[in-house]
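The chain is numbered in sequence order, starting from 1.
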Amino acid sequence: MIQILVLLTFLFGGALAASIRLAPKPRVVEVSITAALWLLLFSMGFRIGNNPELVHSIGTIGLLGFASAVFTIAGSCVAVVLVSHFAPAVGSVRKIGTAAQKENGFSAASSGPTDSELVVGASSSVLARLKPPAILLSVVVAGFIAGIALPRLAFDPGLITEWTLNALLFLIGMQFRQSQVPLASMLRSPAVIALPLATAVGSMAAGLLLVPFFSLRVGKALALASGFGWYSLSGVLISNLGDPVLGSSAFLANMIRESLGLILIPVLGQTRVPTMAISVAGATSMDVSLPLIEQTLGPEAVPLSFISGAFLSALVPVLVPLFMKL
């Protein structure tokens with residue numbers, strides 16, 4: 001519990017620093033986040049490669065990651081369908097999108113990217129959108145190769161990565177505050193939070209299927225399912241909480257979820273419950289997947305997509321450490 005409070009302190013500390021104008025410019029924060037993230041991902045790969053016992057677990061890591069991605073995607077879709085059956089507005093982009101604009105002051109032209117940015121993003125290929133996760137995956141692989149090539153370390157680099165993680169969460173808090181996402185008004189609108197809440201519950205419920213298949217503890221299965229597609233944070237969180245194998249699986253699981261999401265969004269957007277296209281994207285519905293969602297569902301889906309991704313992103317640094325302690 002103390003460790004969870006420490007992580008939340010750094011997260012909210014960064015948001016507080018941005019609120020009182022002590023944060024650097026957004027571009028500086030973004031570059032600093034990238035640097036800290038690369039260091040943590042390289043360290044995650046290095047710790048696996050530098051440990052012969054973990055190297056032998058590579059097959060398990062890949063299988064667990066793939067299974068987690070498939071289960072959580074299916075679970076989030078089923079949850080949205082069930083909720084839309086009792087609350088039809090949740091399945092309607094137009095109805096819930098209007099609620100998002102009304103409650104949070106968003107418009108299709110002002111939420112996140114501009115119209116021109118959305119057009120450029122929507123016209124780019126799926127392969128282009130997969131470039132950022134491919135770069136991060138290469139950082140992990142580079143660390144893994146370095147870990148195999150170098151002699152086994154006589155010390156645990158955990159202390160270094162722990163403070164790097166604290167710095168990363170502090171910077172993420174700054175960035176989240178600088179983005180001016182209206183979390184307070186979001187929480188006052190049941191219509192707006194119903195979709196990300198169904199996505200979260202469905203993902204975690206499906207994640208419990210990992211318990212019998214992979215002999216995981218319930219807490220670890222829930223932590224693995226609570227990344228919601230935010231692979232760059234969930235993996236390093238779990239690794240630095242003492243389980244590098246599960247952390248690597250979380251990294252792969254959420255990367256696969258994002259990649260499959262980009263393929264499934266156009267398909268799910270044509271179904272009777274089109275909001276599944278937003279749900280399947282998880283936390284990435286506020287950034288990477290947003291242009292494709294706009295192209296598939298129309299401009300009225302932009303506010304809801306952005307808010308859903310922001311809500312799920314805010315849950316990740318809270319739920320993952322919490323479930324790891326169960």
Side-chain angles (χ1 to χ4, degrees), residues 1-4 7 40-41 43-79 133 136-137 140 143-144 147 156 158 161-162 165 197-261 279-280 282-284 312-313 315-326:
M1 182 60 69
I2 293 178
Q3 195 167 18
I4 296 174
L7 294 174
L40 284 168
L41 292 176
S43 173
M44 184 174 71
F46 183 89
R47 290 168 72 179
I48 294 176
N50 205 236
N51 188 327
E53 295 177 359
L54 295 182
V55 172
H56 294 143
S57 302
I58 291 298
T60 301
I61 291 173
L63 183 59
L64 178 57
F66 180 79
S68 177
V70 172
F71 287 171
T72 54
I73 284 176
S76 62
C77 289
V78 169
L136 295 182
L137 179 60
V140 177
F144 177 74
D156 184 0
T161 57
E162 179 181 345
L165 175 61
L197 194 58
T199 300
V201 173
S203 296
M204 291 186 291
L208 292 175
L209 294 174
L210 298 170
V211 174
F213 285 110
F214 293 91
S215 300
L216 290 179
R217 294 204 326 259
V218 170
K220 289 190 174 184
L222 289 172
L224 186 56
S226 298
F228 306 131
W230 193 355
Y231 56 85
S232 56
L233 180 62
S234 59
V236 295
L237 270 175
I238 293 175
S239 293
N240 283 277
L241 288 170
D243 197 330
V245 171
L246 191 69
S248 299
S249 294
F251 177 83
L252 285 177
N254 289 289
M255 180 175 288
I256 292 171
R257 174 167 183 161
E258 177 185 296
S259 302
L260 289 177
S279 178
V280 76
T284 69
L312 291 169
S313 296
L315 290 180
V316 175
V318 177
L319 294 181
V320 171
L322 179 64
F323 288 139
M324 283 295 291
K325 293 300 179 181
L326 293 182

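Proximity of a side-chain donor or acceptor of Ser226 to a complementary backbone N or O of Val316 within less than 3.5 Å is not detected. Side-chain atoms of Ser203 come within 3.5 Å of backbone atoms of Thr199 as a donor-acceptor pair (strictly under, hydrogens ignored). A distance-only check finds no donor-acceptor pair linking the side chain of Asn50 to the backbone of Phe46 [under 3.5 Å].
Considering every non-hydrogen atom in both Phe228 and Leu312, the closest pair reads CD1-O, 3.8 Å. Looking at every heavy atom in both residues, Gly202 comes nearest to Ala79 through CA-CB, 3.6 Å. Of all heavy-atom pairs between Ala223 and Phe323, the closest is N-CB, 3.7 Å. Minimum heavy-atom separation, Ser76 to Ser279: CB-OG, 3.4 Å. What you find for Asn254 and Gly227 is that their closest heavy atoms are OD1-C, 3.3 Å. Across every non-hydrogen atom of Gly247 and Ser239, the tightest pair is CA-OG, 3.4 Å.
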Open item on the list: Does Val245 form a side chain to side chain contact (heavy atoms under 4.5 Å, CB included) with Thr60? I'd like the steps, not just the answer.
Closed with: CA-CA 9 Å; Val245 171; Thr60 301; 5.5 Å; no
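To the nearest 0.5 angstrom, Arg257 atom CZ is 10.5 Å from Ser234 atom OG. Between the OG atom in Ser215 and the CG atom in Leu210 there is a gap of 11.0 Å [rounded to 0.5 Å]. The CG atom of Leu322 lies 11.0 Å from the CG atom of Leu315; values are rounded to the nearest 0.5 Å. Leu224 CG to Asp243 CG: the interatomic distance, rounded to the nearest 0.5 Å, is 9.5 Å. In this structure, OG in Ser68 is found 11.0 Å from CG in Leu63, a value given to the nearest 0.5 Å. Put simply, CE on Met324 and CG on Leu237 are 9.5 Å apart, with the number rounded to the nearest 0.5 Å.
When side chains are defined from C-beta on, Tyr231 does not count as touching Ile256, because their heavy atoms never get closer than 4.5 Å. A heavy-atom distance below 4.5 Å is found between the side chains of Leu246 and Leu64. Looking at heavy atoms from C-beta onward, Leu137 lies in side-chain contact with Leu252 at the 4.5 angstrom threshold. Counting heavy atoms from C-beta outward, Leu233 and Val320 have side chains that stay 4.5 Å or more apart.
In Phe214, the CZ atom is crowded: over 12 heavy atoms of neighbouring residues, nucleotides or ligands sit closer than 6.0 Å.
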